Engineer: 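Okay, handing you the structure first.
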Amino acid sequence: MEGGGSRPKILVTNDDGIYAPGIRSLIHVLVSTNRYHVLVCAPDQERSAVSHCITARGALQVTPVEIEGAIAYGTSGTPADCASLGLSGILFPGTIPDLVVSGINKGSNCGYHIVYSGTVAGAREAFMYGFHSLSISYNWVRGKSLENDFKIGAEACLPIIDGILMEIKNEGYARGCFLNVDLPTDVAHHKGYKVTRQGTSMIRTTWEQITSDGNCHGAVLMDHKFGVEHDQVPLQRMASGIENVKIGSIGEPSKENLLFKREVMYKGIRLSHSER
């Protein structure tokens with residue numbers, strides 16, 4: 001493991017932004033072990049659900065951020081941009097990270113959700129360039145989860161991180177994959193570690209047409225399982241499922257400046273942004 005002394009070098013990124021509690025808890029736990037040389041390149045603000053979007057035109061603005069025990073930069077780019085820049089050798093001259101860790105995301109990333117996830121994209125970008133990587137997400141539940149759960153989650157991931165680094169050192173770690181780690185809500189009482197296959201679960205999405213003052217004009221529920229659209233579905237009907245829903249019209253929209261807002265459904269309940 002080159003540069004940065006004998007300690008392995010870990011590049012940390014995320015999609016919630018460099019000031020988010022998930023990444024700050026992860027950095028704090030990594031630094032506190034005194035076992036790693038910690039580098040950080042993360043978005044300067046939230047970039048959730050940007051998937052593997054990259055900045056193809058224009059320049060990224062990069063600003064040093066003070067984080068004790070780490071060398072850190074916030075950028076105007078996406079998680080994929082941040083991983084790429086952090087691995088380029090330009091931002092951290094003479095330093096080649098041994099491992100890229102993206103997270104800890106506020107919210108689960110499993111099933112088809114990983115396609116949308118900026119957190120997973122940060123790890124995937126590193127993987128595509130031949131670097132070892134993993135993404136970490138915590139199943140945040142409003143009313144149950146606390147910010148301290150991110151710290152507990154980071155500590156729970158240390159055996160995984162140490163195991164990967166040991167395999168890398170011994171040249172025994174597989175290069176044909178990267179890991180996506182999902183932490184349970186009650187992470188303090190987790191039951192151990194299990195390797196699984198990628199699932200196919202997916203949340204439902206509704207689209208609402210709104211007016212310029214934010215009032216709802218109508219809603220469309222997308223059933224991704226069957227590829228069906230259901231127009232003008234009352235929210236109370238959505239909560240009980242989509243069976244026997246009458247297809248209707250969304251009304252006569254304005255010809256100019258149409259506004260549509262995406263809403264996420266989970267177990268029949270429409271989630272606010274803070275609950276996702």
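Only heavy atoms go into these numbers, but all of them, side chains included; no hydrogens, no water, no symmetry mates. In this text the structure is predicted, and so the values were computed from the model without any measurement. Throughout, residue positions are numbered sequentially from 1 according to the sequence presented.
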Engineer: Check the pair Asp81 / Thr78 against side-chain hydrogen bond (donor to acceptor under 3.5 Å, both in side chains), numbers first and verdict last.
Structural biologist: CA-CA 5 Å; Asp81 287 332; Thr78 66; 3.2 Å; yes
Engineer: Within the side chain of Asn170, is there an N or O that forms a donor-acceptor pair under 3.5 Å with the backbone of Gly172?
Structural biologist: no
Engineer: Name all residues meeting the side-chain contact (heavy atoms from CB on, under 4.5 Å) criterion together with His132; count only those two or more places apart in sequence or in a different chain, and write none if there are none.
Structural biologist: Leu99, Ile168, Tyr173, Arg175
Engineer: How far apart are the C-alpha atoms of Ser102 and Asn14, what are their side-chain angles, what is the distance that settles it, and do they pass the side-chain hydrogen bond (donor to acceptor under 3.5 Å, both in side chains) test?
Structural biologist: CA-CA 5 Å; Ser102 185; Asn14 75 341; over 6 Å; no
Engineer: Using residues 151-162 as the side-chain source, report each donor-acceptor pair under 3.5 Å to any protein atom, sequence neighbours left out, with the distance given to one decimal.
Structural biologist:
residue : atom : partner : partner atom : Å
Lys151  : NZ   : Glu155  : OE2          : 2.7
Asp162  : OD1  : Tyr36   : OH           : 2.4
Asp162  : OD2  : Arg35   : NH2          : 2.8

Engineer: Between Leu87 and Pro97, which heavy-atom pair has the shortest distance, and what is it?
Structural biologist: CD2-CG, 3.7 Å
Engineer: Would you indicate whether Tyr112, at its atom OH, is surrounded by more than 12 heavy atoms from other residues, nucleotides or ligands within a distance under 6.0 Å?
Structural biologist: no
Engineer: Within the supplied structure, the quantity of interest is the number of heavy atoms (other residues, nucleotides, ligands) at a distance under 6.0 Å from Glu68 CD; does it exceed 12?
Structural biologist: no
Engineer: Check the pair Ile114, Gln198 against side chain to side chain contact (heavy atoms under 4.5 Å, CB included), reporting the backbone distance first and the verdict last.
Structural biologist: CA-CA 9 Å; Ile114 68 167; Gln198 179 60 46; 3.4 Å; yes
Engineer: For His113, does its backbone N or O pair with a side-chain atom of Ser117 as donor and acceptor, under 3.5 Å?
Structural biologist: no
Engineer: Using side-chain heavy atoms (C-beta onward) and a distance below 4.5 Å, is Leu26 in contact with Val101?
Structural biologist: yes
Engineer: Shortest non-hydrogen contact from Ile67 to Ala72?
Structural biologist: CD1-CB, 3.7 Å
Engineer: Do Val120 and Tyr116 sit in one hydrophobic cluster, given that two such residues count as connected whenever their side-chain heavy atoms are within less than 4.5 Å of each other, even indirectly?
Structural biologist: no
Engineer: Establish whether Tyr19 and Val29 are linked, either directly or via other cluster members, by ILVMFWY side-chain heavy-atom contacts under 4.5 Å.
Structural biologist: yes
Engineer: So, using side-chain contact (heavy atoms from CB on, under 4.5 Å) as the criterion, who are the partners of Ser88 when residues are at least two apart?
Structural biologist: Leu85, Ile90
Engineer: To the closest 0.5 Å, what do you measure between OG1 (Thr119) and OH (Tyr138)?
Structural biologist: 15.0 Å
Engineer: Applying side chain to side chain contact (heavy atoms under 4.5 Å, CB included) to Leu11 and Val40, what does each step give before you reach the verdict?
Structural biologist: CA-CA 6 Å; Leu11 173 65; Val40 183; 5.9 Å; no
Engineer: Identify the heavy atoms of Gly77 and Leu60 that sit nearest to each other, and give their distance.
Structural biologist: CA-CD2, 3.6 Å
Engineer: Please check: side-chain N/O of Ser51 versus main-chain N/O of Val115, any donor-acceptor pairing under 3.5 Å?
Structural biologist: yes
Engineer: Once you round to the nearest 0.5 Å, how far does CD1 of Ile18 lie from CD1 of Ile23?
Structural biologist: 6.0 Å
Engineer: Using 0.5 Å steps for rounding, measure from the CD1 atom of Ile210 to the CH2 atom of Trp207.
Structural biologist: 10.5 Å
Engineer: When you measure from the side chain of Ser84 to the backbone N and O of Ala80, does any donor-acceptor pair fall under 3.5 Å?
Structural biologist: no
Engineer: Under a 4.0 Å threshold between the charged nitrogen and the carboxylate oxygen, would Lys261 count as salt-bridged to Glu263?
Structural biologist: yes
Engineer: Please identify each residue that fulfils side-chain contact (heavy atoms from CB on, under 4.5 Å) with Ala121, with sequence neighbours left out.
Structural biologist: His52, Arg124
Engineer: According to salt bridge (Lys or Arg N to Asp or Glu O under 4.0 Å), who are the partners of Asp44, at least two apart in sequence or on a separate chain?
Structural biologist: Arg47
Engineer: Please examine the side chains of Phe150 and Val187, heavy atoms only from C-beta on, and report whether any two atoms are closer than 4.5 Å.
Structural biologist: no
Engineer: So, Thr185 side chain and Trp140 main chain: donor-acceptor pair closer than 3.5 Å or not?
Structural biologist: no
Engineer: Among all residues two or more places apart in sequence or in another chain, which pass the side-chain contact (heavy atoms from CB on, under 4.5 Å) test with Phe127?
Structural biologist: Ser133, Phe178
Engineer: Does the Ser76 side chain pair with the main chain of Gln61, one donor and one acceptor, at a distance under 3.5 Å?
Structural biologist: yes
Engineer: Please check this pair: side chain of Asp16 against backbone of Glu46, looking for a donor-acceptor N/O pair closer than 3.5 Å.
Structural biologist: no
Engineer: Between Asn139 (side chain) and Pro184 (backbone), is there a donor-acceptor pair under 3.5 Å?
Structural biologist: no
Engineer: To the nearest 0.5 angstrom, please state how far the CG atom of Asp98 sits from the CD1 atom of Ile10.
Structural biologist: 8.0 Å
Engineer: Are the side chain of Asp149 and the backbone N or O of Leu146 linked by a donor-acceptor pair below 3.5 Å?
Structural biologist: yes
Engineer: Decide yes or no on side chain to side chain contact (heavy atoms under 4.5 Å, CB included) for Phe92 and Ile71, but give the supporting numbers first.
Structural biologist: CA-CA 9 Å; Phe92 305 107; Ile71 303 173; 3.8 Å; yes
Engineer: Mind checking whether Leu39 and Tyr129 sit in one hydrophobic cluster, side chains of I, L, V, M, F, W, Y counted as touching below 4.5 Å?
Structural biologist: yes
Engineer: Verify, without hydrogens or angle tests, whether Thr55 (side chain) and Arg57 (backbone) share a donor-acceptor contact under 3.5 angstrom.
Structural biologist: no
Engineer: Can you tell me how far CZ of Arg7 sits from NZ of Lys9, rounded to the nearest 0.5 angstrom?
Structural biologist: 10.0 Å
Engineer: With the 4.5 Å side-chain cut-off for hydrophobic clustering, are Val50 and Ile54 part of the same group?
Structural biologist: no
Engineer: Are Leu134 and Val100 packed together at the side-chain level, in the sense that at least one heavy-atom pair is separated by less than 4.5 angstrom?
Structural biologist: no
Engineer: Could you tell me which non-hydrogen atom of Gly122 sits nearest to which non-hydrogen atom of Ala83, and how far apart they are?
Structural biologist: O-CB, 3.4 Å
Engineer: Supply the atom-to-atom distance Cys41 SG to Leu91 CG, rounded to the nearest 0.5 angstrom.
Structural biologist: 5.0 Å
Engineer: When clusters are formed by joining ILVMFWY residues with side-chain heavy atoms under 4.5 Å apart, either directly or through shared neighbours, do Leu165 and Leu30 land in the same one?
Structural biologist: yes
